[in-house]
Amino acid sequence: MKIYNTLGRKLQPFTPRDEGKVGMYVCGATVQSKPHLGHGRYAVVFDVVRRYFTYLGYDVMYVRNITDVDDKIIDAANDAGVSTQDIADEAAAAFAAAYLALGVLPADIEPRATEHIPQMIDMIEMLIQGGHAYESGGDVYFAVRDFPGYGKLSGRNIDELQSGARVEVGDVKRDPLDFAVWKKAKPGEPSWSSPWGEGRPGWHIECSAMSHEYLGTSFDIHGGGNDLIFPHHENEIAQAEAALDAAPFARFWMHNGMMTLTGEKMAKSTGHIIDLLEAVEKYPGLAVRLFYLRTHYRKPLDFSEDALADATASLERLWSFRRRQPGPVEAESHPETIAAFRAAMEDDIDVAGGLAALFDAVREGNRRLDAGESAEEYLAAYDEIVEVFGLAEQEKGLDDIAGGLAAVGARFGVDGISNGALIDALLARRAEARSNKDWATGDAIRDGLAELGIFVEDGADGSAWHRR
RNA sequence: GGCGACGUGGCCGAGUGGUUAGGCAAGGGUCUGCAAAACCCUCUACCCGGGUUCGAUUCCCGGCGUCGCCUCCA
């Protein structure tokens, strides 16, 4: 399996640190506000990476953090007159709902920054002891120039950065490039006790400390959006490698491309965004997932309503194939399909190529079913691939439309039963009408169900329904 | 200014030195009471200019264009 490693900027064969195991750390959200469409992308992209490693038989430890203390969370809390914890909890709940809708599996561990302050303080103390950081008026700064490898991830050199660095007011820093690993508390801010007084951690230290806590030194894969390469990931590396005196901090760095909107990057700071929860309300969550997955993870992805509608239709094509023969299949997966799927995935997670293999199998499977032949091995391949992509159709349940169903049932003289049994009875009623060429009644039943999102399709051996 | 990515058919979007990606949409057909789904057929592209090559969309050079990072950001 080849993965494009940002560290070194080239495709590299993936090998795990420990035989049979993969440790992954992905930078999750700063929970300051609701998620937008861009946040869904990293979640889905790395969910598929994780699923694929699991599929290959690795024992995967997947860690995705939550940043629940930072300047903007504090600002939001002050504006709303609530605690930072309230802001963080509310936003974290919105992210969790979005992940669920997108079919993103829960992380093995979802550490919060505020619950790992001691680990961060430990790391900062190691930095100070090693001469890599210094205290200055209650703040602690990392001394960038004293760390030789600085810039190796982002491809920058210190002198170029120097010329572009913002001029700092005052002289708390020894060097303009130095960045805070600990910030002295200001009045009204959440703070923790430390050897340097009350304060809070800098942004980057949490990921260095938490990834080390759960995955150890030189873990396998560190992921995140490519906008985090500099300075966040560069600083994570510097801190962790300096503190622990061990390199590399992470062995493979994977970065997903940004979502754009009318060609411009989607970012909450500019308000140039599409609300993620609104998107998964308007379209099936897994259609949004497929929309992300069609484009290679490192490329930019432009949002459009058309693209989402396109993905929705495309997903329907997949699902309608699987509905033709529901239930488990016994056969081995079609070998060529799996080979094509794997070849694509081994090439830096080429999901688009894997999808092509899937759609080829769907076409052939459909063709065989039309011809009255067995499509078992194609159905098996479908299940195998769809599991990795996380696109399997979920049972929706009928409880939320039970009232509507009962009303339709009453209209056609069916009562005393509900939900699935009611639909079956209605379809029996409809079959009876159709056998008498009473098309009006038949169509009325179909239309009544359609209004509730229950779509009826007539086949050679009876009618089937599904909820959309 | 520095670093980096990208420019493919109506749209989205893979990939490759010579042989059909795939999806959506569109048109024609089969099936069908209608509808839906499915299958078959059609639509054959690779920003521009040089170069290398028997042959380049695919490699090299130059140009044009778009975007990202360089400040918080997935």
Side-chain angles (χ1 to χ4, degrees), chain A residues 6 9 26-30 32 35-46 64 67 70-72 75 95 151 154-157 159-161 163-166 203 223-232 234 255-260 263-270 273 276 290-291 293-296 298-302 304 306-321 323-324 340 344 347 350-360 362-371 434 437-440 442-443 446-447 450 455-460 463-464 466:
Chain A
T6 308
R9 297 175 191 283
V26 172
C27 281
T30 298
Q32 62 182 51
H36 65 250
L37 216 54
H39 295 113
R41 172 127 96 143
Y42 79 78
V44 167
V45 161
F46 290 107
R64 185 186 57 221
T67 298
D70 93 317
D71 292 349
K72 289 183 179 172
D75 290 346
F95 272 83
S154 55
R156 282 156 226 276
N157 69 58
D159 294 325
E160 283 167 356
L161 287 167
S163 64
R166 289 192 301 180
W203 176 34
N226 69 191
D227 54 345
L228 298 180
I229 294 172
F230 189 89
H232 184 54
E234 193 69 62
H255 291 97
N256 64 276
M258 294 294 103
M259 283 284 315
T260 59
E264 302 288 333
K265 181 184 168 187
M266 217 177 262
K268 56 192 164 192
S269 59
T270 57
I273 55 175
L276 181 55
L290 179 57
F291 160 71
L293 256 19
R294 295 189 308 178
T295 301
H296 187 84
R298 285 194 277 118
K299 284 197 168 185
L301 205 205
D302 196 46
S304 74
D306 282 353
L308 243 24
D310 183 319
T312 304
S314 192
L315 183 66
E316 243 336 286
R317 174 171 170 77
L318 293 178
W319 286 355
S320 64
F321 167 61
R323 285 188 206 116
R324 295 182 71 175
D347 181 18
D350 175 14
V351 175
L355 284 168
L358 212 211
F359 279 102
D360 282 342
V362 166
R363 178 182 300 103
E364 180 59 15
N366 272 322
R367 197 194 61 74
R368 290 187 177 222
L369 290 173
D370 281 358
R434 293 178 71 220
K437 299 207 184 304
D438 177 6
W439 309 122
D443 291 350
R446 184 172 63 196
D447 293 345
F455 291 83
V456 176
E457 295 176 87
D458 302 324
S463 300
H466 70 271

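Each chain gets a letter, A, B and so on, in the order its sequence line appears, and its residues count up from 1.
A close approach under 4.0 Å does occur between a side-chain nitrogen or oxygen of A/T30 and OP1 or OP2 of B/A74. Residue A/K265 places at least one side-chain N or O under 4.0 Å from the OP1 or OP2 atom of B/C69. Between A/K299 and B/G7 there is a side-chain N or O to OP1 or OP2 distance below 4.0 Å. In this structure, A/R317 reaches the B/A38 phosphate: one of its side-chain N or O atoms is under 4.0 Å from OP1 or OP2. Distances shorter than 4.0 Å separate none of the side-chain N or O atoms of A/R156 from OP1 or OP2 on B/G4. Note on A/N366: a side-chain N or O is less than 4.0 Å away from OP1 or OP2 of B/C39.
When heavy atoms are screened at a 4.0 angstrom cut-off, A/A313 is found touching the sugar-phosphate backbone but no base atom. Using a 4.0 Å heavy-atom criterion, one finds that A/G442 contacts no nucleic acid atom at all. Among the heavy atoms of the strands lying under 4.0 Å from A/N256 is at least one base atom, whether or not backbone atoms are also near. Counting non-hydrogen atoms under 4.0 angstrom, A/R434 reaches a base of the nucleic acid. Among the protein residues, A/G263 comes within range of the sugar-phosphate backbone only, with heavy atoms under 4.0 Å from sugar or phosphate atoms but none that close to a base. Note on A/H232: nothing from the nucleic acid sits closer than 4.0 angstrom, heavy atoms only. Among the heavy atoms of the strands lying under 4.0 Å from A/V456 is at least one base atom, whether or not backbone atoms are also near.
Using C1' as the reference atom, B/A25 and B/G9 are 13 Å apart when rounded to the nearest Å. Across the P atoms, B/U32 and B/U42 are found 24 Å apart, a figure rounded to whole Å. Rounded to a whole angstrom, the distance from the C1' atom of B/A45 to that of B/G22 is 15 Å. Going from the C1' atom of B/C6 to that of B/G13 covers 13 Å, rounded to whole Å. One P atom belongs to B/C43, the other to B/G2, and the distance between them is 47 Å to the nearest Å. Nucleotides B/G62 and B/G23 place their C1' atoms 36 Å apart, quoted to the nearest Å. If you take atom C1' in B/U57 and the same atom in B/A14, they sit 13 Å apart, rounded to whole Å.
Checking B/A14, B/A74, B/G33 against the side-chain heavy atoms of A/C27 singles out B/A74 as nearest. When distances run from any side-chain atom of A/S320 to the nucleotides B/A74, B/A14, B/A38, the shortest one goes to B/A38. Taking the side chain of A/D310 as heavy atoms from C-beta on, and the options B/G23, B/C72, B/C70, the nearest nucleotide is B/G23. Considering only side-chain atoms of A/D458, the nucleotide from B/C34, B/A14, B/G23 that sits closest is B/C34. Among the nucleotides B/G68, B/A38, B/C24, the one closest to the side chain of A/N226 is B/G68. Across B/G33, B/G15, B/C72, the shortest atom-to-atom separation from the side chain of A/K72 is found for B/C72.
Look at B/G1: its Watson-Crick or wobble partner, with both distances under 3.5 angstrom, is B/C70. Pairing of B/C59, defined by two Watson-Crick or G-U wobble distances under 3.5 Å, is identified with B/G51. Nucleotide B/C43 forms a pair with no other nucleotide shown, judged by Watson-Crick or G-U wobble geometry with both contacts under 3.5 Å. The partner of B/C11 is B/G23, judged by Watson-Crick or G-U wobble contacts that both fall below 3.5 Å. Pairing of B/C6, defined by two Watson-Crick or G-U wobble distances under 3.5 Å, is identified with B/G65.
Atom CG of A/L355 and atom C1' of B/G15 are 14 Å apart (whole Å). Spacing between atom CG of A/D302 and atom P of B/G65 amounts to 20 Å, rounded to whole angstrom units. For A/R363 and B/G23, the CZ to P distance is 5 Å, given to the nearest whole Å. The distance between atom CZ of A/R298 and atom P of B/G4, rounded to the nearest whole Å, is 15 Å. Between the C1' atom of B/C39 and the CZ atom of A/R367 lies a distance of 9 Å, rounded to the nearest Å. Taking atom CG of A/D71 as the reference point, atom P of B/C72 lies 9 Å away to the nearest angstrom. In this structure, the CG atom of A/L293 is 14 Å from the C1' atom of B/G22, given to the nearest Å. The CD-P distance, from A/E264 to B/C6, rounds to 19 Å in whole Å.
Stacking is not found between A/F455 and the pyrimidine-like six-membered ring of the B/A36 base under the 5.5 Å centre-distance and 30° plane-angle cut-offs.
For B/A35, its base sits under 3.5 Å from the side chain of A/R446 at one donor and acceptor pair at least. Taking only distance into account, the side chain of A/D227 never meets the base of B/C72 through a donor-acceptor pair shorter than 3.5 Å. A donor N or O paired with an acceptor N or O is found under 3.5 Å between the base of B/G33 and the side-chain atoms of A/D443.
Here A/D443 pairs with A/R446 in a salt bridge; the nearest charged N to carboxylate O distance falls below 4.0 Å. Under the 4.0 Å criterion applied to side-chain N and carboxylate O atoms, A/R363 and A/D360 are assigned as salt-bridge partners.
Here the side chain of A/R294 pairs no donor or acceptor atom with the backbone of A/V351 at under 3.5 angstrom. In this structure, A/S314 contributes its side chain and A/D310 its backbone to no donor-acceptor pair below 3.5 Å.
If you find the closest nucleotide of RNA chain B to A/G224 and to A/D370, the one lying nearer the 5' end belongs to A/D370.
Residues A/L318 and A/F359 have side chains in contact (heavy-atom distance under 4.5 Å, counting atoms from C-beta outward).
When all heavy atoms of A/D458 and A/V456 are compared, the pair lying nearest together is OD1-CG1, 4.0 Å.
For A/D227, the side chain to side chain donor-acceptor pair (under 3.5 Å) partners at least two apart in sequence or on another chain are A/K265.
A cation-pi arrangement is absent between A/R64 and A/F46 under the rule of less than 6.0 angstrom and at most 45 degrees off the ring axis.
Only one option out of A/I273, A/D302, A/T260, A/L301 pairs with A/M266 in a side chain to side chain contact (heavy atoms under 4.5 Å, CB included); it is A/I273.
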